[in-house]
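Written below as structure tokens is the structure these notes are about.
When reading the values below, keep in mind they use all heavy atoms of this one structure, side chains included, and skip hydrogens, waters and symmetry mates. Order of the sequence lines sets the chain letters (A, B, ...), proteins ahead of strands, with each chain counted from 1. All figures in this text were calculated on a predicted structure; none of them were measured in a lab.
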Amino acid sequence: MHEHNGSGSPSFLARLGGIDRRWIFLAMGLSIALPILLKLRFPEYPGPMAKATFDAIESVPEGSTVLVAFDYDPASAAELQPMANAMVHHCASRGHKIVFMALWPLGRQLADKAIEEVLLEFHPGLRYGTDYVQLGYQAGNEGVIKLMATNVPEQYKTDTKGTPLASLPLVAQIKSTADFALIASISAGYPGAKEWVQFAESANPEAFKLVCGSTGVQVSQLLPYYPKQLDGMLVAVKGAAEYEMLVEGKYPVEKNAERLGQGRVRMGPQLVAHMLMIGLIILGNIAMVAGRSRGGAR
Amino acid sequence: MLQRTIPIAILSLSGIILMLAYFSPLTTSWGETVLGWFNVLAAVAFVLGAGNLLRVNLERISAQRSGWAYSAITLVSFFAMLAFGLLKLGAVPSEKHPDKHFAGAYEGPTAPYGWMYEYVLSPLTATMFAMLAFYVASAAFRAFRAKNTESILLLGTAFIILIAQTAAGMFLTGWIPQDSVFAFLRFDSMKIAITEYIQTAGMRAITIGIALGVAATSLRLILGVDKSYLSKS
Amino acid sequence: MSDHGSNEPGPQVQAPRKSYRFLWLSLAVLGLSVFALRTASAAQAQGADPAAAQDLWKTIGIWCAAFMTLGILSFLYKDNPFYKVCESILIGVSAAYWMVNGFWSTLVPNLFAKLAPTTVREIALPDLPVSATPGTDMALAFVPLVLGFMLLWRLAPRGGWIAVWPLAFIIGTTAGMRLVASIEADLLAQTVATVRPLVAFDKATEAFDFWATVGAVTSVAGVLSVLTYFFFSVEHKGAVGATARLGVWFLMITFGSAFGLTVMGRITLLAQRFEFLFKEWLGIV
Amino acid sequence: MTGPLHQNPRERFVRGSRSAAGAVTVAMGMATAAALAMSAQALASAVPAMQDAVGGAETAAPAATAAPVAPVELALFNMDRLGLFLAMVLICGAVIGAILVARTGRPLRIRKLAALEAVDEAVGRATEMGRSVLFVPGIQDMTDIQTVAGVTVLGRVARTAAEYDARLEVPTSRSIVMTAARETVQAAHFAAGRPETYNDNGIYYITDEQFGYVAAVTGKMVREKPAACFYMGAFYAESLLLAENGNAIGAIQIAGTAEPSQLPFFVAACDYTLIGEEFFAASAYLSGERDQLGSIKGQDIGKLMVAAVIVIGCALATVGALFPATGATGAVDALRSFLGG
């Protein structure tokens, strides 16, 4: 704000409105750096969407085959990998068999990472082919989903190692997406959860449960589908953190637990930074009112 | 003629072919050919850009204008990256054709080009992107002030969403039962209502308007009404 | 929205230049010497191991990345030589990066491979499939070749108008493409998505659902009022003005909501940079 | 789309047309009829262009003669896209009709856009302060209509700048945009009657890389402190980086974009923002030509059509929900599948 002349020096609050923005930068930097340095973790209160996701995976009978699609790339991994990790652990703990796939070219590596760091770490007894299968990436965007809705073996002739699907017991009997008990799309945009709703869910509305994990930016595109078409939805790091709470509450792990806590670690800076933003908005308005009441410049 | 009539004719013709190609399967392949040409031109454009970059920076260096040393840094890094990439220096040889140098992969982290990408280009761009966190804060502080109804709505909505995005939302209003009459006061319910009903509606109308604007602008170009891209020399 | 002029550069910008230069210089020297020490010790620890060279390059890389990160962040304080160096490197490296990508992924397979398939196969793409119609391919490839040269003519001192031909081609292609695509994907799709019953019943109990009805009416009213705001033929007065005003309110809520939803993603990005600095570079977390 | 950040325009560009390949062959009679109608339409839209091209020639070939010969394998017309085709004919027809009406010389009333009124003021202020004017035409190539619209707005800004003799800087992120901007600015100098003041140096390419470009532009802003900043075109994450730095140097900022995800940031951080369709209207409005103003009227007719479809559709759907026996829901579904393709 412009400082006015005449009626004495403006109050501290009024001057606050024109504060050098570098103080705001500093506050923002600290509010993100300190929680990381101090490893601050705050309790999360699982919201209805995270609970719905958790319940959807719980509600499917033990030993069902579930499909987890990694529809993102490393650029969005900071937001999505934590929920992918928690979901993989959840499915395996519940006794589900997991089929991995990706609609984004680099999604396959991220799925491999989840298999190595979570699935095999916490469930070392699982065997490839009977307990889990990695189908990898196929080009074609929503076309991949369309074809899978009627004919999975036509879309995926082999897994990533080149083994025909028929020789993998877990997927030998899978004909279409309707044969999965649950499908989860962890998605950062196009193609992703929206396309799963449009092309898989609408083809077989009752056949399987569909849940998704989404980045914050594309959330508004997906909200209209919850809770009718999407049985559950994890929204950005916050959704991941809430979901981690639920998963860890029921299926705790002994060592390397931090691999299932990344969402909550990243929520530390989020909470502090959001509080800062809210505080800044309030402060800005107080400063405006203070400046106005003293007859200062607008 | 050469400078105005032919360009307008080229524009209209290529536009009409692409419109036709969309409706008539017979002409789909024409559209694909035209797009193939377009992609090649887009790649040629990089050469044009590089040429201009060289000119601007060389001029600055030769005139020793202020900041010419930075122009030199730009040129050095440009040529280094160009050499690593175009000549595939230190590229990992292809497994199938180890004898052919140019069949090798230059993107891997062990090749200089890949190293430059991983440790120079991507941290630089990622940090530029991350700067947004700071600017988002200062913009919120400065711009979200309740001056009139419009700004109250803007800041009020942002406020609700910001609270609903963290644990604070559940902490403050999570105790209100989901099925009670007051459930709409829960921050998470408010967030869903705002995004699902209002934001979706607003975005839809914006999108419809944009579509009309794009269609009308395209049509003006194809009809030759809008000729602003032509200089009058 | 904002009140410009309120953030005029303050007096701090004119602070004595010399001391700043000294500050930046000493920071750079300090950083470089720590880096040199650390690389030297890392190299010594690993001896002449063949894998050591790779580790060494990785260490250098992480230090390099850390300097780049800090250099960009220093801009928040003020413009400075550090930032300028990072900016210059970023411009140079990225321009070359895009050019190299355009060369190997587009020009070689889509232009050169059509003009001279045998040569390209011999030098760079041994697996290039043999085309069924090499003659047509080559003839068609001449069009972009010629247009490309015309585009590059811009670099010549005279005859700038020559570049207008390829430009007209590009704009024409865009216009034809976008005209249809925007009507299909945006106009029709969004219009159809707006159409819905203005009353809602609970699916299970078939009872009247008050909140869902309010939601449906709000959505449709929102779309119509914002469209009214975009109406250019009539001044915003009277009934039209009132509706347009409602449209502005919808827009403001839309923008506020979108702003709030984006914040989380932006903070994650910065958190990731800090995690890199603290974990991979300094190793203190 | 892969999120608002790393959108590759070229990929999107290609994808749109490829989907045309999956067409269905339909009854030949229908197809030929539709194709006839379509080629007539295509020609109709071509005719004014050609007329213009040859300097307003009087004669134009009769539309029907250009009908393609019946094909053997591929359908002439993809019947799945009939609804889209009709919608396109209606909207293009509205725009063309409005342009023709505008040519008759009837007065055109278009409401004023505050952001546009501010253009002259901003350039004038820059001149007074002896500082430059910065124009950023977005980060996309000419493959985006927003960039084309941005370059059109540039024409007006450049003309005002030439008249006031203010220094104009246009850094671009694509070299083709640089070419187009140079043509436009040169034309603006001619229009202002000062061709001798034009030079290429103010319009230059930086880099295609989104954040490399922003780093350079924000650096430039802080060092040269332009008094007015225009952001007109397609913007992604860089919108706020630019607008906040522009604010910090105290520049008047006027933005225009049709990128919905970035509108909130421009609205929050700039003095004036052209929102979505306003931006396209502005590019026509600024030209001041009757034809272009007419096309804004055409856009309005398009909006009326959209509103009519929404109102009728919602009414039908509501009747269908209240009285299922009327079968109104079926009519809505039919409308939906016809328009939705």
Side-chain angles (χ1 to χ4, degrees), chain C residues 1-2 4-9 72 75 79 83-84 86-87 90-91 93-95 97-98 151 154 160 163-164 167 170-171 173-175 177-181 183-184 187-189 191-192 194-201 220 223-224 227 230-236 251 255-256 258-259 262, chain D residues 13 16-17 84 87-88 91 109-111 142-143 145 148 176 179-180 182-183 206-209 212 215-216 219 222-223 247-253 261 263-265 267-271 275 277-278 281 296-297 299-300 303 306-307 309-310 313-314 317-318 320-322 332 336 339-341:
Chain C
M1 268 287 114
S2 70
H4 56 80
S6 59
N7 286 339
E8 296 282 33
I72 295 286
F75 184 70
D79 189 28
Y83 176 77
K84 287 185 195 167
C86 291
E87 176 197 320
L90 177 50
I91 296 170
V93 170
S94 63
Y97 173 81
W98 282 78
L151 190 63
R154 252 285 157 199
V164 175
L167 188 64
I170 288 166
I171 297 177
T173 324
T174 306
M177 191 81 216
R178 297 285 176 215
L179 176 57
V180 186
I183 292 181
E184 180 180 34
L187 187 102
L188 290 183
T191 308
V192 164
T194 309
V195 171
R196 53 155 80 187
L198 296 179
V199 286
F201 299 98
V220 176
V223 172
L224 291 176
L227 279 181
F230 286 128
F231 207 72
F232 302 107
S233 297
V234 188
E235 286 290 334
H236 287 168
L251 282 178
F255 293 152
F259 191 104
T262 316
Chain D
F13 201 71
S17 91
L84 169 64
M88 199 183 81
I91 287 169
R109 208 173 292 137
I110 306 276
R111 85 172 152 88
M142 295 305 275
T143 51
I145 291 291
V148 181
I176 299 178
T179 306
R182 285 180 173 176
E183 294 293 326
I206 293 179
T207 165
D208 276 66
E209 169 63 44
V222 169
R223 278 158 226 152
N247 195 282
I249 56 166
I252 293 189
Q253 304 196 92
S261 58
L263 280 169
F265 303 109
V267 168
C270 291
D271 299 283
I275 299 168
E277 194 186 359
E278 288 183 321
I296 301 182
K297 291 275 180 195
Q299 273 168 256
D300 278 354
K303 271 186 295 264
V306 167
V309 171
I310 292 177
C314 287
T318 311
L322 289 174
V332 174
R336 226 177 236 156
L339 290 178

Pairs of heavy atoms under 4.5 Å with chain C: top-ranked of D:I110, D:T179, D:V148: D:T179
Residues forming a side-chain hydrogen bond (donor to acceptor under 3.5 Å, both in side chains) with D:T318, sequence neighbours excluded: none
Among D:A216, D:G219, D:G320, D:A87, residue most engaged with chain C (heavy-atom pairs, under 4.5 Å): D:A216
Toward chain D, the part of C:V93 with a non-hydrogen atom under 4.5 Å: neither
Which portion of C:L151 sits near chain D, non-hydrogen atoms under 4.5 angstrom: side chain
Residue selection (most heavy-atom pairs with chain C, distance under 4.5 Å) from D:P264, D:G212, D:A317, D:A180: D:P264
Interface moiety of D:V222 toward chain C, non-hydrogen atoms closer than 4.5 Å: side chain
Part of C:I91 within contact of chain D (heavy atom distance under 4.5 Å): both
Atom group of C:L179 that falls short of 4.5 Å from chain D, counting heavy atoms: side chain
Portion of C:V220 that has a non-hydrogen atom of chain D nearer than 4.5 angstrom: side chain
D:I296 to D:A281 - nearest heavy-atom pair and separation: CD1-O, 3.5 Å
Main-chain N/O of D:V306 paired with C:T191 side-chain donor or acceptor, under 3.5 Å: no
Side-chain donor/acceptor of D:D300 to backbone N/O of C:F231, under 3.5 Å: no
Set of side chain to side chain contact (heavy atoms under 4.5 Å, CB included) partners for D:R223, sequence neighbours left out: C:D79, C:Y83, C:K84, C:E87
Under 4.5 Å from a heavy atom of chain D, the part of C:L188 involved: side chain
Donor-acceptor contact below 3.5 Å, side chain D:K297 vs main chain D:R109: yes
Value rounded to 0.5 Å, distance of CZ in D:R336 from CZ in C:R196: 9.5 Å
Under 4.5 Å from a heavy atom of chain C, the part of D:I206 involved: both
side-chain contact (heavy atoms from CB on, under 4.5 Å) between C:F230 and D:I275, intermediate numbers included: CA-CA 9 Å; C:F230 286 128; D:I275 299 168; 3.9 Å; yes
Which portion of C:L198 sits near chain D, non-hydrogen atoms under 4.5 angstrom: both
